Amino acid sequence: MELFWYIVLMTMLTIYVILDGYDFGAGIIHLFFAKTEKDKKAITNAIGPFWDANEVWLIAVGGVLFFAFPTLYASSFSGFYLPLMLILWLLIFRAIGLELRGQIKNKMWEAIWDKAFGIASLLLALFFGVALGNVVRGVNLGMVTDGVSAHEAHYFFLPLWNPSFSPTAEHLGVIDWFTLLLGVVGVVALAIHGANWIIFKTHSDLNQKLKKVVFNLNIILVVLVIISLLVWHVIEPKPFHNFMENPWMWIFPIIAFTGLFGLFKVKTFKKDGLGFLFSSLFLFGGLTSTVASIFPKVLPSTNSVNPSLTLYNVAAHEYGLTVGVYWFVIAAILVGVYMFVQYRVFRGKMDDVGYGDH
């Protein structure tokens, strides 16, 4: 049952990254490339009917984490307290940036909330990439100092950074050069994803420009991915051991690189949705490859005193996990129906939706 709920959790997290990822990316595009009111409206129209529903997946992930893996929930929500609070405030400012902009017809008012929406989207993409970097790197479980554990084996707390800014220090911070690198990967990948969504859902004058932006950003993304794979050896001496022991896992990196290299043809695609498909493949493949690389660990320990948290030592009781399956099936059916109706009602181009006009 632990494996079943782990797959459920990772599936929901992947759906969240793909769906809310294009919202974050659209916000980044809005910040840097939307120069006219027409361009700004095209971007908000493209995400307007979807962004709040997409964010619900993050709440659902938290709910499943609390239910199925309570020890991991307790450990991570205390240890990552500071970045989680920052993410919460960024989600709030991103939402009110979208909702309050159209309340008053004033250029200064609109400019303030445009910046709130764009900057919050950029920082959310950065922090979610940094979060993934923390999971890959691991944390000092038990707050071990000189071989002595100061707290329970599953407890830790991270400041935003440590004095050395190093991912190999005894006392780690949330942000170091490795996690920041993955944060930048997240920003570039989601900017590409958001641009592809705008191209897919609008006839905006920006679209031809965005195809060039996607192509250029994809070159940067390839370089960043290669650098990330090379420096991974600093964190984990044998980063690909799971792939060597389980060759079927190579399907995940293959999917990621299929999406990555497919994006180089974005300028020649006849159908606008193909770019979004390839950026979705990269996000899916990249996230699943990362998860597969540390499996069955869910939060590695950077010390030798306390063991890593795995899906087996953080899971709830077998009885609770079994009973939860029945409720999950009902919830999955309801969510599936909702998403089908939502994306069917708002299928096609979104230029005339008029989101945010009050």
Side-chain angles (χ1 to χ4, degrees), residues 1-24 47 49-80 84 87-88 91 95 124 128 131-132 134-136 154 193 242 246 248-249 251-252 255-256 277 280-281 283-300 308-347:
M1 290 306 298
E2 296 96 337
L3 183 59
F4 169 80
W5 282 106
Y6 179 75
I7 293 172
V8 168
L9 182 66
M10 291 301 109
T11 300
M12 294 173 68
L13 182 61
T14 303
I15 292 172
Y16 172 73
V17 169
I18 291 174
L19 295 186
D20 215 22
Y22 71 68
D23 294 333
F24 298 159
I47 66 172
F50 306 105
W51 70 266
D52 49 354
N54 293 341
E55 286 188 349
V56 173
W57 284 99
L58 183 61
I59 300 171
V61 167
V64 171
L65 185 63
F66 176 76
F67 159 73
F69 304 105
T71 303
L72 177 61
Y73 178 91
S75 179
S76 57
F77 272 66
S78 62
F80 295 124
L84 285 172
I87 287 172
L88 176 61
L91 287 169
L124 280 166
F128 279 118
L132 184 63
N134 274 265
V135 173
V136 172
H154 65 270
H193 196 49
N242 269 353
N246 305 280
W248 65 269
M249 286 186 175
I251 187 65
F252 300 127
I255 291 173
L277 173 63
S280 297
L281 286 175
L283 292 175
F284 171 81
L287 185 59
T288 51
S289 296
T290 304
V291 169
S293 70
I294 64 172
F295 183 85
K297 297 176 184 176
V298 290
L299 193 60
S308 299
L309 300 183
T310 71
L311 74 153
Y312 301 110
N313 64 19
V314 299
H317 192 273
E318 182 79 11
Y319 174 76
L321 295 178
T322 303
V323 172
V325 172
Y326 302 106
W327 293 102
F328 169 75
V329 171
I330 296 171
I333 293 171
L334 292 174
V335 170
V337 171
Y338 173 82
M339 289 193 65
F340 174 79
V341 172
Q342 181 191 32
Y343 279 85
R344 183 166 180 80
V345 168
F346 294 106
R347 67 186 182 277

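Side chains are part of it too, since the values below use all heavy atoms of this structure and drop only hydrogens, waters and symmetry mates. Quick caveat, the model's predicted, so the values are computed rather than measured.
- Smallest separation of non-hydrogen atoms from Ala315 and Pro70: C-CD, 4.2 Å.
- By the side-chain contact (heavy atoms from CB on, under 4.5 Å) test, Ser75 pairs with Leu141, His154, Phe156, Leu299, Leu309, sequence neighbours left out.
- Judged by distance alone, with hydrogens and angles left aside, the side-chain atoms of Glu2 form no donor-acceptor pair with the main-chain N or O of Val314 at under 3.5 Å.
- Across all their heavy atoms, Phe67 and Gly320 have their closest contact at CZ-O, 3.2 Å.
- The shortest non-hydrogen separation linking Leu84 to Phe77 is CD1-CA, 3.7 Å.
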Side-chain donor/acceptor pairs under 3.5 Å, residues 8-22, sequence neighbours excluded:
from	atom 1	to	atom 2	distance (Å)
Thr11	OG1	Ile7	O	2.7
Thr14	OG1	Met10	O	2.8
Tyr16	OH	Asp20	OD2	2.9
Tyr22	OH	Asn54	ND2	3.1
Tyr22	OH	Tyr343	OH	3.0

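- The structure places CE of Met1 at 12.0 Å from CG of Leu311, a figure rounded to the nearest 0.5 Å.
- A distance-only check finds a donor-acceptor pair linking the side chain of Asn313 to the backbone of Ser308 [under 3.5 Å].
- Using a 4.5 Å heavy-atom threshold, the side chains of Phe328 and Val64 count as separate.
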Do any side-chain atoms of residues 289-296 form donor-acceptor pairs under 3.5 angstrom with protein atoms, and if so which ones, sequence neighbours left out?
from	atom 1	to	atom 2	distance (Å)
Ser289	OG	Phe252	O	3.4
Ser289	OG	Gly285	O	2.6
Thr290	OG1	Gly286	O	2.8
Ser293	OG	Thr290	O	2.6

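- Across all non-hydrogen atoms, the minimal contact from Ala53 to Gln342 is CB-NE2, 3.5 Å.
- The CG atom of Leu124 lies 5.0 Å from the CG atom of Leu91; values are rounded to the nearest 0.5 Å.
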Steps toward side-chain contact (heavy atoms from CB on, under 4.5 Å) verdict (Phe80, Ile87)
CA-CA 11 Å; Phe80 295 124; Ile87 287 172; over 6 Å; no
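- Contacts of Arg347 classified as side-chain contact (heavy atoms from CB on, under 4.5 Å), with partners at least two apart in sequence or in another chain: Arg344.
- Atom CG of Asp52 is separated from atom CG of Asp23 by 9.0 Å, given to the nearest 0.5 angstrom.
- In this structure, Thr71 OG1 and Phe69 CZ are separated by 10.5 Å, a value rounded to the nearest 0.5 Å.
- For Tyr326, there are no side-chain contact (heavy atoms from CB on, under 4.5 Å) partners at least two apart in sequence or on another chain.
- Partners of Ser78 according to the side-chain contact (heavy atoms from CB on, under 4.5 Å) rule, which considers only residues two or more places apart in sequence or in another chain, are Tyr155.
- Atom CZ of Phe66 has 12 or fewer heavy atoms from other residues, nucleotides or ligands within 6.0 Å.
- Here the side chains of Leu321 and Phe4 are not in contact, with every heavy-atom distance at 4.5 Å or above.
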